[in-house]
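The structure appears right after this line, and notes come after that.
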2 protein chains.
Amino acid sequence: MDKLGENLDRFRRSCKAKGFRLTPQRIAIYEALLACEHHPGAEDISRAVRTIYPDISMDTVYRTLNTFSKIGLIHPVDGHGRPRRYDPIVEPHHHFRCKQCDRIIDFYDERLNRVSPPDYILQKFTVSTVKVTLEGVCDQCSQPRKSTRAAEL
Amino acid sequence: MDKLGENLDRFRRSCKAKGFRLTPQRIAIYEALLACEHHPGAEDISRAVRTIYPDISMDTVYRTLNTFSKIGLIHPVDGHGRPRRYDPIVEPHHHFRCKQCDRIIDFYDERLNRVSPPDYILQKFTVSTVKVTLEGVCDQCSQPRKSTRAAEL
DNA sequence: AGACAAATAAGAATTATTCTTATATAATAA
DNA sequence: TTATTATATAAGAATAATTCTTATTTGTCT
Ligand SMILES: [Mn+2]
Ligand SMILES: [Mn+2]
Ligand SMILES: [Zn+2]
Ligand SMILES: [Zn+2]
């Protein structure tokens, strides 16, 4: 089975397991999450789903994203002052966020997966997640204007 | 000079250097930031400052916090769906966030300061900050009820 | 097919933050 | 010290993101 199929299958099983109904809206929202790159926000999801279900309400989008988050199907990603975004990839990975274009780019690194808090923290707190997040300027934004224009200057 | 004095001095110099006026509101807001533990939000700051300046407006609080952030006097801290919070400590340090009580607790660790992204990321992106954030349940919240009650049970 | 709990659409409500504008004031210089 | 002026402020309107309320619809299980 391909990656998309795997994800959809996990989605169906998660819903069943938790007693959630398999509605067309939920399926469309989950598919939109998988299709969108760079961690879509509720507005992105709504826009994508509207092409198929023009009457989808923002409330359903938000409610569904919250439901998915609660059962661990997706992870909410901080919006840094902008609207919250969502990540359909729940396997361990890390994020680079461009301060200029606000893209959030995934990357995978074993070394970072193994970053661990100091012992005195582990003794005091129950640590469930360790997140490493990079911020800076992405390759696209650090290029001197558009590549076509750059030749002219 | 003590730590508080040092901070206030740096604050005065930063304002001067950037040509910002040293208003009573700004001083009070900065002092409130230093006094509050666990990374206050705009509402916390407003409440603290109101005891001295009852007429401080939310707009001034937000505007001032934004100004301070821009000149690097403080750092905004993600609110995870709740209101944004602010950190008057700009020296390198790390955060543990309790998912239950929402406290954000500082800790210092040299090893985590040195966490570095993989080379292929550094080649592609200009990385300006690396944040390690822990989430979980804090010592207070994981205690079985209140300590006084615990003895009874 | 029928029953029913759960999900939805629509739009009101709430919350956090920013904007607008008229007034006040910190900094600077006469 | 006072006058000048650009900057900061208070007040409240406006905006944006998210949640809530309610009446209706629809999956799921007989
Ligand atoms: Mn991701
Ligand atoms: Mn801190
Ligand atoms: Zn970029
Ligand atoms: Zn706690």
Side-chain angles (χ1 to χ4, degrees), chain A residues 8 11-33 39-47 49-71 73-74 76-86 102, chain B residues 8 11-33 39-47 49-71 73-74 76-86 102:
Chain A
L8 282 170
F11 164 70
R12 280 163 207 282
R13 276 185 285 106
S14 291
C15 282
K16 283 277 175 193
K18 302 280 178 176
F20 290 123
R21 292 181 182 171
L22 217 53
T23 67
Q25 290 92 335
R26 282 180 175 158
I27 296 168
I29 288 170
Y30 187 70
E31 285 177 339
L33 277 159
H39 312 81
E43 201 57 57
D44 301 308
I45 297 296
S46 171
R47 191 169 343 100
V49 173
R50 257 201 312 270
T51 65
I52 307 172
Y53 297 98
D55 288 344
I56 187 110
S57 72
M58 281 310 293
D59 179 62
T60 295
V61 173
Y62 278 112
R63 188 168 17 78
T64 303
L65 291 170
N66 285 341
T67 303
F68 288 176
S69 299
K70 267 190 213 120
I71 64 181
L73 255 173
I74 64 177
V77 177
D78 167 37
H80 287 263
R82 290 152 190 273
R84 194 184 308 149
R85 292 156 73 173
Y86 298 87
D102 212 40
Chain B
L8 280 171
F11 163 69
R12 280 165 207 280
R13 276 185 287 106
S14 291
C15 283
K16 281 279 176 192
K18 302 279 178 178
F20 290 123
R21 292 183 182 170
L22 216 54
T23 66
Q25 290 92 337
R26 284 183 174 156
I27 296 169
I29 288 170
Y30 188 70
E31 284 178 340
L33 277 160
H39 311 81
E43 202 57 59
D44 301 308
I45 297 296
S46 171
R47 193 170 340 101
V49 173
R50 256 201 313 273
T51 64
I52 306 172
Y53 297 98
D55 288 345
I56 187 110
S57 73
M58 280 312 290
D59 179 61
T60 293
V61 173
Y62 277 112
R63 187 167 19 78
T64 302
L65 291 170
N66 285 341
T67 303
F68 288 176
S69 299
K70 269 190 211 120
I71 64 179
L73 254 172
I74 64 177
V77 177
D78 168 38
H80 287 264
R82 292 154 189 270
R84 193 182 309 149
R85 291 156 74 173
Y86 298 88
D102 211 41

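These figures come from a predicted structure and were not determined experimentally. Quick note on labels: first sequence line is chain A, next is B, and so on, each numbered from 1.
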remark   = Rounded to whole Å, the CD1-C1' distance (B:I27 to D:dT9) equals 15 Å
ask   = For B:F20 and C:dT28, what is the distance between atoms CZ and C1' respectively, to the nearest whole Å?
value = 18 Å
query = Taking atom P of D:dT15 as reference, at what distance in whole Å does atom CG of B:D59 sit?
reply = 15 Å
message = How bent is the helix from C:dA1-D:dT30 to C:dA30-D:dT1, measuring the angle between the end axes built from five pairs each, rounded to 10°?
response = 40°
inquiry  = Return whichever of A:V61 or B:K16 has its heavy-atom-nearest nucleotide of DNA chain C closer to the 5' end.
reply    = A:V61
note = In whole angstroms, the gap separating P of D:dA8 from NZ of B:K18 amounts to 14 Å
For A:D44, salt bridge (Lys or Arg N to Asp or Glu O under 4.0 Å) partners two or more places apart = A:R47
Short side-chain N/O contact from B:T60 to OP1 or OP2 of D:dA10, under 4.0 Å = yes
Quick one: which protein N/O atoms are closer than 3.5 Å to N/O atoms of nucleotides 25-27 of chain D? Pair and distance per line, please.
| from | atom 1 | to | atom 2 | distance (Å) |
| --- | --- | --- | --- | --- |
| D:dT26 | O2 | A:R21 | NH1 | 3.3 |
| D:dG27 | N2 | A:R21 | NH2 | 2.9 |

request  = Nearest whole angstrom, please: distance from the P of C:dA24 to the OH of B:Y53.
outcome  = 17 Å
request  = Grab the CZ-C1' distance between A:R85 and D:dA17 for me, whole Å please.
outcome  = 15 Å
Whole angstrom value for the distance that separates P of D:dA8 from NZ of B:K70 = 11 Å
I'd like a table of donor-acceptor pairs (distance under 3.5 Å, sequence neighbours excluded) in which one partner is a side-chain atom from residues 12-24 of chain B, with atom names and distances.
| from | atom 1 | to | atom 2 | distance (Å) |
| --- | --- | --- | --- | --- |
| B:R13 | NE | B:D9 | OD2 | 3.2 |
| B:S14 | OG | B:R10 | O | 3.0 |
| B:T23 | OG1 | B:R26 | N | 3.1 |

note = Residues passing the salt bridge (Lys or Arg N to Asp or Glu O under 4.0 Å) test with B:D59, sequence neighbours excluded, are B:R63
key: Test item: A:S46 side-chain N/O and A:A42 main-chain N/O as donor-acceptor pair under 3.5 Å   = no
ask   = Touch check for B:D55, heavy atoms < 4.0 angstrom, all strands: base, sugar-phosphate only, or nothing?
value = sugar-phosphate
key: B:H80 NE2 to D:dT18 P, straight-line distance once rounded to whole Å   = 14 Å
request  = Can you check each nucleotide of nucleotides 12-17 of chain C against protein heavy atoms at under 4.0 Å and return B for base, S for sugar-phosphate only, - for none, in 5' to 3' order?
outcome  = ----SB
ask   = Quick one: is B:R26 getting a side-chain N or O under 4.0 Å of the D:dA8 phosphate, OP1 or OP2?
value = yes
